[in-house]
Structures are given as C-alpha cells and as structure tokens.
Amino acid sequence: MKTRRLTMAQALIAFLKQQYVERDRRELPFFAGVWGIFGHGNVAGVGQALQQQPDLRYYLARNEQAMVHTATAFAKMSNRLRAFACTSSIGPGATNMITGAATATINRLPVLLLPGDIFARRNVAPVLQQLESEHSQDISVNDAFKPVSRYWDRINRPDQLPFALVEAMRVLTSPAETGAVTLALPQDVQAEAWDYPEPLFEKRVWPISRPLADRALLERAVSWIRAAKQPLIIAGGGVIYSEAHEALARLASQTGIPVGETQAGKGSLSYDHPQNLEAIGVTGTPGANLIAREADLVIAVGTRLGDFTTASKVGFQNTAVRFINLNVAGIDAYKHAALPLLADARVTLEELSAALTGYRVSDEYAARVARFKQEWETEVERLFNLRHGPPLSQSEVIGIVNGSSDPKDVVVCAAGSLPGDLHKLWRTRDVKGYHLEYGNSCMGYEIAGGMGVKMADPSREVYVMVGDGSYLMMSSEITTSIQEGCKLNIIVHDNHGFSSIGGLSQSVGSGGFGTDFRYRHSDTGQLDGEPLPVDFAANAASLGAHTIRATSREDLQRALAEARRQERTTVIVVEVDKEMRVPGYESWWDVPIAEVSEIEAVQRARAQYEKAVKKERHFL
Ligand SMILES: Cc1ncc(C[n+]2csc(CCOP(=O)(O)OP(=O)(O)O)c2C)c(N)n1
Ligand SMILES: [Mg+2]
C-alpha cells in the first residue's frame, strides 16, 4: 500500500480536509476550519500542521470555551451538516474547553475537540501544567472530557490515529450520537512521523440517512392519533435539524393538531401558523400549556423532553395521557414510556400525513386553539407596548428588536431572563430565525455563538441579545468578530445584575440575595451598596466594536437602524428595568426550597413548594 510520511498532527489535518457529508443527495465538506489558541502543547504539532496546510483555515479565538461555543453554534445553524475542530494547548487551554464540550453534547451538536496532552513518552514528566497522580501515569486533565464527550480517545502512538479518526467521524455525523468528540493529543506524539496509508487521505463521504420507523409501530401510532380527542405535537430541535418544518406545517394544517415549540424547536413553524401555539413549558404560552395539561396524546418530535418542556413533569395532567416519541435517538424515543418511533422526523411526519388522511380534530378543539392563539397575540402586543420607563422593560426591547429585524435574521441567546422572554415573545418567521442554546443555558455562549451563526450564514443579520451578567462573563469574542469581519448586532441588556436568578431568589424566599452588581457596603458588609459603574459601551468600543447607547424606545429604534447600516460589529447598550418581568403562564418549574429555615419567607415558599411538587407525574 502506498504511504505518506507525515507527523500525527499533519495526518490529522490532511484527513479532516477530506471529510464530507451527504444528505438528500446534497454533499457538503464537513469541516469549515479549525479554531484554536496555541500554547506549547499544540504550537509545534497541530499548529505546524495547520500552517503547512492552509487550505483548512485556522481561526484564532480569544478564549477556548468561546471557540467551542462558536463551533457549536455554527453546527447548530448548519443543521449539524457542518462543523469545526478546535485545537488547544494542554492544561488550562484544554480544560477551558470542557464547558463548551458539555454545551455541545447536551445540545446534541457536533464539535471535534483536539486538546494537547502530556507527553506519552513520560521521561520528562511532570511537564508544565501536568496534573500528577499517585496511582497512575495514565491520567491527565483531559480525562475530565470523558463524561462530556460522545467519543473520547487519546492518541498515544501515531499509528493509532486512523482508527480514532473514523470513529470520531462516525459519531460526529450521526444524528443520534453526535456531540463533542475529544481526541486528546500528547504533545510529543503530535510531532512524531509515521508512514500513513494513502487511503486515509482519500475523500470520504459520510451518509446522513433518514431512517424509517418500524412499520407496526407506525401503524399503531396512526391508530393512537385517530383515537385521540385532544392531541398535541411538541416540536423540538430535531424538527429543525432534520429539515422537517414543512412536513410538520402540512401535518398540523391537515389534521388541526396544535403544536407547542421547545426552545430548540422554536421556528419549526412560523409564529403565525394557525396551529402554532408557540412556546411550551415553563416559559410557555397559556394556550400551549393549557392544551398540554389536558392532552390525551402527546406527539413529541425531536425533543429531549427536558424539564423546561415538561414543566418538571407537571405539564401533562390528563390521567389517560399517552406519548408517541418520534426521535432519531433511542434515549429520547423511549422517554415517558412512549410508543417509540425511532426514526427521522421528516420522512416520518410525511408518512403520518399520508396515513392520517380524513382525520381532523373536532371543530370545538380547533376553535379553542384559534382562541388561544388570538389571545396570545393580544398579550404579546401588550407586552411589546408597555411604555414603561426608561429604563425600558425587557419585553419592549424584545418587541423593538423583533420589529426591526427582517424575517430571515437570527436572534441568538443562551442564559438569563432573556431566553424565557424570547421563547414567549419572539415572533419567529423563519425556521432558522431563532437560535437559543438552552440545553446548557451557558452564560458566555451568546457573543461567541452569534459569530458561529454568522459564519454559517453571512447573508443574515445576527442579533445577539445578551444580559450584562453574560456579557461580563464572556465578551472577548467581539475582538474575534472584528478580526473575521463577522458582523454582529449585539444588544446588551444592562439591568445591573441577574434579573433571572434575582427573581428566582425572590420566589424561593431569599429576596434576591447576592444577585445585584453592587459595591460591598461598609456598614452592612454585604453586597448592597451603590450599583457598580460598569460602562459596557466603553468596554465594547475598546474591543473594536461600534457602540451606541440607547435609553428610550426611539433611541433604540434609531440605534438598531444605525447598527444595520454598519459593517462591523455594533454593540447597543440599553438599560432595562430588572424588576419589570414578563409573567409566567400556567406552568411551574421544580427548584427545591430549603426544608428548614430561619427565614419566614423561605418557610412560606417551602409550604407552597410542597403542594406544587405533588403534581409531578411519573411516566413509567
Ligand atoms: C456559566 C453559567 N454560570 C451561571 C449560570 C446561572 N445563571 C443563570 S442566569 C444567570 C444570571 C444572568 O445574568 P444576566 O446575563 O445579567 O441576565 P439577566 O438575568 O439579568 O437577564 C446566572 C448566574 C449559568 N446559566 N451559566
Ligand atoms: Mg442582567
């Protein structure tokens, strides 16, 4: 067999360049490039290989966690058909990627992580940044990637590489298994040469199939739907990744079955589709949640059925409720003791449509759905036009940003009070118009993620909505967005602290303790002094962004128009009223409250909690 003499790192990069995916006869190169931050653990290995093979583009990030978020957002925006690799040094560069890995894996999004690792040869150990262990020399900080990776391997000899690479690709391109894949690369092995067999570097096309559901189970699912009086569809992220949105829209129109959308599934239907009750669960609309409460059949499509969707299992109170889970992943298909349709969402929704001809929900049920929809429109209009402040209410800011954006534009968010408010209020008009990382709800994802979205589709304006807390945690990638000419519209919601957790703290009887950004008070010794003087606009300007401050509705409208005209990343800082929150509707979230406490408010909250928790159901 012909061979090519390369270092392990050179072989790795040469392989990545040749990986393609194919779905529905459309072929795409899988890797769009490699993000990285070099240190001694990768500069002479993977760094040298990237320099020598510039056709796989290298992107320099500011923070390793951030670069994994960028890669993850890119994969999400690409419906998992494209991805990035991320290279780090050993030690802190590597462990900085762990939060990103968890975020990717929890959200079922592909990213290839290439942390440098300690010497395989061991004679110079302990090396800089090496974690030592008394009981084994076969341990490094990279072992901490194991629980957050869907595939994990360490390449201790250059000849191990080919076998790890094909496994990595199998997992990355599998809709059911995908997530973070980690190949830990010892620093010395990266630079070692081996005669790699030539076929390793040939073009490889990984098929992304659309598996069909078991025929008997599909028939049973059809009979369950035909027998249902109050069916409900829950649309999760899988609908979007499978490009099943049109099939879903047809099925909903044809049958009249209402649809509730999860955070990852929002956008499956346009907000004004007649059957779309929009957000469901803890941050859901009244219509979706009341229909869910009484539903006798829940058809869960491409969703993990997380607690925000199930309202911590209090969301479905009909004693006769049954579940049909249409999902490509077994772990999801079998949840809630469902009838499992272990299959691709798109083909199966099409098959269900065909098998359900003649079936329609009752006129009464359809009228109820229509009424809920209309009432919700009115409520959103009210929240978009509170005329509160300044400081403005967050709902008005969302309304103004939503109103200023084009249907194809994308809103990006991840943590704080914004995700819930956006889930309820954002009027999504395009299947890729709503990008929420809410599997890990990771503060710091927003700006880094926004860049991944923009890279996946530069034709759309990207609106990153980010709380001041998240901004302070990770705004470094503004610099990277300037470097890459990757224009973002970033709206910083300055409410001087954590509105979300502050509100939660109040609801658990703790009065917002420790959630404001304030000076330590010399009298009380607590963090209850004056607000801290953080100048977000000055901060963003120092990173290279165009910045605008907005106070009123008119300011914000003008600022958004100006941002749209800008060619570089623009940061709009708007003060929002921390206490002017969007209410919850017909839902509940299980956050356990202290069983004993000296504080009366906590005791009261506990008493309420004990009542509420009794409604949690076991779907076994
Ligand atoms: C990395 C990380 N740390 C902590 C949390 C817990 N957490 C959730 S929301 C939040 C506060 C977010 O503050 P901010 O971005 O200002 O948004 P706001 O709540 O004010 O809307 C915190 C600390 C988290 N989700 N992610
Ligand atoms: Mg805040």
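Read the numbers this way: they start at 1 and go in the same order the structure lists the ligands and their atoms. Below, all heavy atoms of this structure are taken into account, side chains as well, without hydrogens, waters or symmetry copies.
Looking at residues two or more places apart in sequence or on another chain, you find no salt bridge (Lys or Arg N to Asp or Glu O under 4.0 Å) involving E575. Evaluation of the salt bridge (Lys or Arg N to Asp or Glu O under 4.0 Å) rule for D528 yields no partner, not counting sequence neighbours.
In this structure, H493 has no heavy atom closer than 4.0 Å to ligand 1. Using 4.0 Å as the threshold, A414 has no heavy atom nearer than that to any atom of ligand 1. Under a 4.0 angstrom heavy-atom cut-off, G444 registers as lying outside contact with ligand 1.
Only side-chain heavy atoms of N495 come within less than 4.0 Å of ligand 1; its backbone N, CA, C and O stay farther off. At a heavy-atom distance under 4.0 Å, no atom of K578 approaches ligand 1.
By the 6.0 Å contact criterion, CD on E381 is enclosed, its count of non-hydrogen atoms from other residues, nucleotides or ligands being greater than 12.
Around atom 21 (O) of ligand 1, the closest heavy atom drawn from A415, G469, S417, G416 belongs to S417.
Metal site remark for the Mg ion (ligand 2): N495 contributes an N, O or S atom at a distance under 2.8 Å. For residue K578, no N/O/S atom approaches the Mg ion (ligand 2) to within less than 2.8 Å.
W376 and Y585 have their aromatic ring centers within a separation under 6.0 angstrom. For an aromatic pair to be called close, the ring centres must be under 6.0 Å apart, and Y445 with Y438 fails this.
Aromatic ring pairs are classed by plane angle as parallel below 30°, tilted from 30° to 60° and perpendicular above 60°; the pair Y609 and W588 is tilted.
Among heteroatoms of the N, O or S kind in D468, OD1 lies nearest the Mg ion (ligand 2).
Among the atoms of I501, none of the N or O lies under 3.5 angstrom from an N or O of ligand 1.
Of the charged side-chain nitrogens involved, none lies within less than 4.0 Å of a carboxylate oxygen, so that D409 and R460 do not count as a salt-bridged pair.
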